[in-house]
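Contents: one structure, followed by commentary.
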2 protein chains.
Amino acid sequence: MGPIRAMLADVGITEQQWRVLRVLDEGGAMEPTRIAEEACLLLPSLTRILQKLEERGLIARHRDPGDKRKQIVEIAPTGAEVIARNLGTSVALNDAVRDRLGAERYETLLDLLNELASKDGVAARAQDV
Amino acid sequence: MGPIRAMLADVGITEQQWRVLRVLDEGGAMEPTRIAEEACLLLPSLTRILQKLEERGLIARHRDPGDKRKQIVEIAPTGAEVIARNLGTSVALNDAVRDRLGAERYETLLDLLNELASKDGVAARAQDV
DNA sequence: TTCATTTAGTAAACATGTTAATTACAAAAG
DNA sequence: CTTTTGTAATTAACATGTTTACTAAATGAA
């Protein structure tokens with residue numbers, strides 16, 4: 001098991017759930033469509049993830065008063081706690097990966113992946129690193 | 001749907017099934033553990049994939065006479081047909097991706113991904129491109 | 001206004017990802 | 001020889017990936 005997943009397994013959440021919580025923690029309340037884009041998830045996957053995060057009380061949702069199709073998702077205090085308690089370790093693990101490759105080559109890799117991601121029909125994403 | 005998956009959807013197989021067939025077509029008969037490594041799949045996933053490919057008659061399996069724990073998987077004529085009829089398109093689509101990025105930068109990307117893949121705890125693989 | 005179209009989100013169905021447990025067999029240790 | 005340890009593959013359980021279909025609501029044009 002990867003070190004990141006091992007850390008999250010202790011908390012009882014998955015990598016994808018962690019990404020959703022981080023997006024909400026950093027970007028504030030937003031609608032699912034935007035969460036999906038930021039976290040590199042398809043909407044059907046996100047639907048299930050949000051259901052589970054809501055059951056656990058890690059997020060809260062309510063309909064958008066202006067557009068009743070939309071909803072607004074925000075991180076709950078419990079969810080913010082999870083982020084606060086693990087963000088340091090997460091960043092350290094990510095830095096370790098970057099250092100193993102070297103800062104310059106790491107940036108090159110992210111650039112190439114993002115360029116591929118910006119074109120149609122390509123599945124690569126910088127988040128895969 | 002990505003162009004590769006679109007092509008395979010016409011044939012009725014998935015990307016992973018396609019990878020397994022290609023590995024067997026190029027590398028000849030081999031045991032599941034080696035297939036998994038070549039196709040970047042975990043054994044539990046491969047177990048299910050082989051079951052489906054066998055049901056459709058695209059592969060054939062028999063136990064290894066020397067080591068009864070192992071089995072030997074080989075591509076069936078029907079499976080080889082699938083490869084033969086689609087390999088050209090597959091290669092052309094892959095070349096298109098390489099050309100969009102440029103040959104040199106494409107090689108750089110593969111090198112960086114393979115270097116990451118060679119280290120523990122990193123999930124990136126060149127096959128993701 | 002009315003109807004066609006688009007957008008946001010969900011549901012369903014099937015395939016794979018991922019981890020833990022299990023079976024069967026092989027190999028090494030005692 | 002037999003007990004232990006390791007290996008190959010499968011199974012189970014749960015989460016996500018992926019496509020298609022569907023509902024509800026907003027938009028836009030006639």
Side-chain angles (χ1 to χ4, degrees), chain A residues 1-21 30-56 58-59 61-73 121-125 127-128, chain B residues 1-21 30-56 58-59 61-73 121-125 127-128:
Chain A
M1 188 154 55
I4 296 97
R5 278 203 297 279
M7 175 194 89
L8 296 174
D10 288 339
V11 190
I13 66 177
T14 67
E15 255 181 295
Q16 289 83 353
Q17 292 168 354
W18 169 257
R19 282 219 303 273
V20 169
L21 288 180
M30 64 182 76
E31 67 271 20
T33 297
R34 192 174 152 207
I35 299 174
E37 186 167 349
E38 304 259 349
C40 290
L41 294 167
L42 295 179
L43 266 179
S45 295
L46 182 62
T47 292
R48 290 176 304 216
I49 293 170
L50 291 179
Q51 288 166 349
K52 283 161 194 161
L53 290 177
E54 190 177 30
E55 288 172 7
R56 295 195 182 185
L58 300 177
I59 63 167
R61 297 197 272 185
H62 58 84
R63 308 210 71 76
D64 184 315
D67 187 336
K68 294 180 183 176
R69 293 171 305 179
K70 297 183 182 177
Q71 59 186 252
I72 300 175
V73 185
V122 177
R125 292 154 304 183
Q127 211 131 19
D128 284 339
Chain B
M1 188 154 55
I4 296 97
R5 278 202 298 279
M7 176 195 88
L8 297 175
D10 288 339
V11 191
I13 65 176
T14 67
E15 256 181 296
Q16 289 82 353
Q17 293 168 353
W18 169 256
R19 282 218 303 272
V20 169
L21 288 179
M30 63 182 78
E31 66 271 21
T33 297
R34 192 173 152 207
I35 300 174
E37 187 167 348
E38 304 259 349
C40 290
L41 294 168
L42 295 180
L43 268 179
S45 295
L46 182 62
T47 293
R48 291 176 304 215
I49 292 171
L50 292 179
Q51 287 166 350
K52 283 160 195 162
L53 290 177
E54 191 177 29
E55 288 173 8
R56 295 194 182 188
L58 300 177
I59 63 167
R61 297 197 272 184
H62 59 85
R63 308 209 73 75
D64 185 315
D67 188 335
K68 293 180 183 174
R69 292 171 304 179
K70 296 183 182 176
Q71 60 185 253
I72 300 176
V73 184
V122 176
R125 292 154 307 183
Q127 211 132 18
D128 285 339

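As a basis for the values below, the full set of heavy atoms in this structure was taken, side chains included, without hydrogen atoms, waters or symmetry mates. Chain letters run A, B, ... following the sequence lines, proteins first, then strands; residues in each count from 1.
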Notebook entry, point to check: Is the closest side-chain heavy-atom distance between A:Arg19 and A:Leu41 below 4.5 Å?
Noted result: yes
Checklist line | Length of the line joining B:Gln16:CD and D:dT19:C1', which is rounded to integer Å | finding: 14 Å
Checklist line | For B:Glu15, side-chain hydrogen bond (donor to acceptor under 3.5 Å, both in side chains) partners two or more places apart | finding: B:Arg5
Check: Under the salt bridge (charged side-chain N to carboxylate O under 4.0 Å, His left out) test, which residues partner A:Arg56, sequence neighbours left out?
Finding: none
Note to self: If I take atom CE in residue B:Met1 and atom P in nucleotide C:dA15, what distance separates them, rounded to the nearest angstrom?
What the structure shows: 15 Å
Next item on the list: Applying salt bridge (charged side-chain N to carboxylate O under 4.0 Å, His left out), name anything that partners B:Asp64, two or more places apart in sequence or on another chain.
Entry: none
Margin query: Classify A:Ser45 by what it touches in the nucleic acid, base, sugar-phosphate, or nothing, heavy-atom distance under 4.0 Å.
Written below: base
Checklist line | Non-neighbouring partners of B:Arg48 that pass salt bridge (charged side-chain N to carboxylate O under 4.0 Å, His left out), sequence neighbours left out | finding: none
Next item on the list: Identify, with sequence neighbours excluded, every residue that meets side chain to side chain contact (heavy atoms under 4.5 Å, CB included) alongside B:Glu54.
Entry: B:Ile59, B:Arg61
Checklist line | Separation of atom CG in B:Leu53 from atom P in D:dA9, rounded to whole Å | finding: 16 Å
Notebook entry, point to check: For the pair made of NZ in A:Lys52 and P in C:dA11, what is the distance, rounded to whole Å?
Noted result: 12 Å
Check: Taking only residues two or more places apart in sequence, or in another chain, which ones meet A:Pro32 in a side chain to side chain contact (heavy atoms under 4.5 Å, CB included)?
Finding: A:Leu43, A:Leu46, A:Leu50, A:Gln71, A:Val73
Check: Given atom CD1 of A:Ile49 and atom P of D:dC14, what is their separation to the nearest angstrom?
Finding: 17 Å
Next item on the list: With sequence neighbours excluded, tell me which residues meet salt bridge (charged side-chain N to carboxylate O under 4.0 Å, His left out) with A:Arg69.
Entry: A:Asp67
Next item on the list: Consider the side chain of B:Arg48, meaning its heavy atoms from C-beta on, and name the nucleotide among C:dA15, D:dA13, D:dA15 that approaches it most closely.
Entry: D:dA13
Check: Taking atom P of D:dA9 as reference, at what distance in whole Å does atom NE2 of B:His62 sit?
Finding: 13 Å
Checklist line | Selection: residues 6-13 of chain A, any non-hydrogen atom under 4.0 Å of DNA chain D | finding: none
Margin query: Tell me the interatomic distance from A:Glu55, atom CD, to D:dA15, atom C1', rounded to whole angstroms.
Written below: 13 Å
Next item on the list: Could you encode protein contacts along nucleotides 3-10 of chain C as a string, one character per nucleotide from 5' to 3', using B for base contact, S for sugar-phosphate-only contact and - for no contact, with a heavy-atom cut-off of under 4.0 Å?
Entry: ----BSSB
Next item on the list: Take the protein atom CG of A:Leu41 and the nucleotide atom P of C:dG17, then report the distance between them rounded to whole Å.
Entry: 16 Å
Note to self: Counting only side-chain heavy atoms from C-beta out, which of D:dT16, C:dT16, C:dA26 sits nearest to B:Lys68?
What the structure shows: C:dA26
Margin query: How long is the straight-line distance from CD of A:Glu37 back to CZ of A:Arg34, given to the nearest 0.5 Å?
Written below: 9.0 Å
